[in-house]
Amino acid sequence: MTETESARQPEIALSDEDRRGLYRTILSRRDVRGQFLSDPVPDEVLARVLVAAHYAPSVGFMQPWSFILVRSPEVRARVKAAFEAANAEAAALFPDDQAASYRALKLEGILDAPLNLCITCDRDRVGPVVLGRTHMPEMDLYSTVCAVENLWLAARAEGLGVGWVSIIEPARLQDILGLPDRVVPVAYLCLGKVSHFLAKPELASKGWRQRLALSDLVAMDRWGGAAPDSELARALADAQAWAEAGG
């Protein structure tokens with residue numbers, strides 16, 4: 001075998017069942033807040049979803065992510081208090097008619113889930129100059145978000161729920177978790193087995209917002225450019241209808 005041949009990935013053809021499984025996982029992913037069970041996440045399952053996160057794409061192969069597993073009740077209580085403070089501030093930002101609806105939503109499962117996980121981005125992991133980040137310095141943050149999505153999809157495939165707690169001051173998280181200044185807390189996640197997954201995203205089913213039509217979000221060649229031709233627009237609408245019907 002030549003060096004070139006040995007460097008190639010073996011040919012992998014996904015079966016129809018594999019492809020359907022991939023789309024089912026993507027389409028059934030949910031942001032879980034209120035269906036967590038107390039059962040611990042088995043170590044071998046946790047290891048698999050962390051491997052999935054670690055194999056995300058990253059700018060310059062920088063791999064800027066780290067994973068902080070939060071099981072301590074004391075630490076989680078501090079995170080919960082930080083959430084409550086930020087959530088009260090957020091509620092006050094909405095008009096009166098929305099504020100009541102906002103306050104009625106359950107927006108986290110910090111104490112409900114058996115495990116919390118903070119995925120961070122070390123912006124100085126490989127030094128100041130990074131291949132691919134020279135003109136878009138935020139690419140390390142985007143790379144870390146790819147790790148979050150990989151983990152989220154792998155967790156769904158394992159039957160685990162994930163909830164992203166974004167209503168929290170990053171500085172509070174940095175203090176609670178002892179993060180150095182260069183390390184950004186990108187995602188604070190609640191992770192665990194669930195009693196069930198919701199048929200539709202919770203914010204859609206409760207009338208907060210509905211999913212936009214994909215065909216309205218696709219333009220040709222430039223922002224505000226021509227809409228897709230009728231054949232593509234029809235294919236987009238059909239594919240979204242297929243997804244809404246459960247894929």
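Because the structure is predicted, anything quoted here is derived from the model rather than measured.
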Worksheet item: Hey, is D112 close enough to K106 for a salt bridge, meaning N to O under 4.0 Å?
Response: yes

Worksheet item: Within a reach of under 6.0 Å around CZ of F197, are more than 12 heavy atoms found that belong to other residues, nucleotides or ligands?
Response: yes

Discussion item. So does M139 get a backbone contact from the side chain of R133, meaning a donor-acceptor N/O pair under 3.5 Å?
Written reply: no

Worksheet item: Is there a donor-acceptor pair under 3.5 Å between the side chain of E149 and the backbone N or O of A56?
Response: no

Worksheet item: Does R182 use its side chain to pair, donor to acceptor, with the backbone of L179 at less than 3.5 Å?
Response: no

Acceptor/donor pairs from residues 81-100 side chains to any protein atom, 3.5 angstrom cut, sequence neighbours excluded:
from : atom 1 : to   : atom 2 : distance (Å)
E84  : OE2    : K80  : NZ     : 3.4
N87  : OD1    : Y102 : OH     : 2.5

Worksheet item: Under the salt bridge (charged side-chain N to carboxylate O under 4.0 Å, His left out) criterion, do E202 and R33 qualify, and how do the steps go?
Response: CA-CA 9 Å; E202 189 170 2; R33 286 86 171 258; 3.6 Å; yes

Discussion item. Taking the side chain as everything from C-beta on, heavy atoms only, tell me whether L117 gets closer than 4.5 Å to V70.
Written reply: no

Practice prompt. Sequence neighbours left out, what passes salt bridge (charged side-chain N to carboxylate O under 4.0 Å, His left out) with R234? Give chain and number order.
Written response: none

Worksheet item: Can R209 and L203 be said to form a side-chain contact (heavy atoms from CB on, under 4.5 Å), step by step?
Response: CA-CA 6 Å; R209 278 184 65 83; L203 294 184; 5.7 Å; no

Discussion item. Checking the side chain of R29 only, and the main-chain atoms of R24 only, is there a donor and an acceptor separated by less than 3.5 Å?
Written reply: no

Fill in: Under 3.5 Å: donor-acceptor pair, side chain of N150, backbone of A52
yes

Discussion item. For a 4.5 angstrom cut-off between non-hydrogen side-chain atoms, does M62 reach S143?
Written reply: no

Worksheet item: Do NZ/NE/NH1/NH2 and the carboxylate oxygens of R172 and D175 come within less than 4.0 Å?
Response: no

Worksheet entry | Under 3.5 Å: donor-acceptor pair, side chain of N116, backbone of I110 | yes

Worksheet item: Does any non-hydrogen side-chain atom of D124 lie less than 4.5 Å from one of D122?
Response: yes

Worksheet item: Would E244 and R211 pass as an ion pair if we require N to O under 4.0 Å?
Response: yes

Practice prompt. Count the heavy atoms of every other residue, nucleotide or ligand shown that sit under 6.0 Å from CG of L131, and state whether that count exceeds 12.
Written response: no

Worksheet item: Quick check: does any side chain N or O of R123 sit under 3.5 Å from a backbone N or O of P128, one acting as donor and the other as acceptor?
Response: no

Worksheet item: How would you list, by chain and number, every residue that makes a side-chain hydrogen bond (donor to acceptor under 3.5 Å, both in side chains) with S15, sequence neighbours excluded?
Response: D18

Item to complete: State whether the number of non-hydrogen atoms from other residues, nucleotides or ligands found under 6.0 Å of E44 atom CD is greater than 12.
Response: yes

Fill in: V162 and V32, any side-chain heavy atoms less than 4.5 Å apart
no

Item to complete: Would you check if the side chain of E74 reaches a backbone N or O of S72 as a donor-acceptor pair within less than 3.5 Å?
Response: no

Practice prompt. In plain terms, say whether R125 and D140 are close enough for a salt bridge, that is, a side-chain N and a carboxylate O under 4.0 Å apart.
Written response: no

Discussion item. Just so I know, are the side chains of R48 and V45 near enough to count as touching, which here means a heavy-atom distance under 4.5 Å?
Written reply: yes

Fill in: Under 3.5 Å donor-acceptor, T120 side chain and W65 backbone
no

Worksheet item: Is there a donor-acceptor contact under 3.5 Å from the side chain of W164 to the main chain of V148?
Response: no

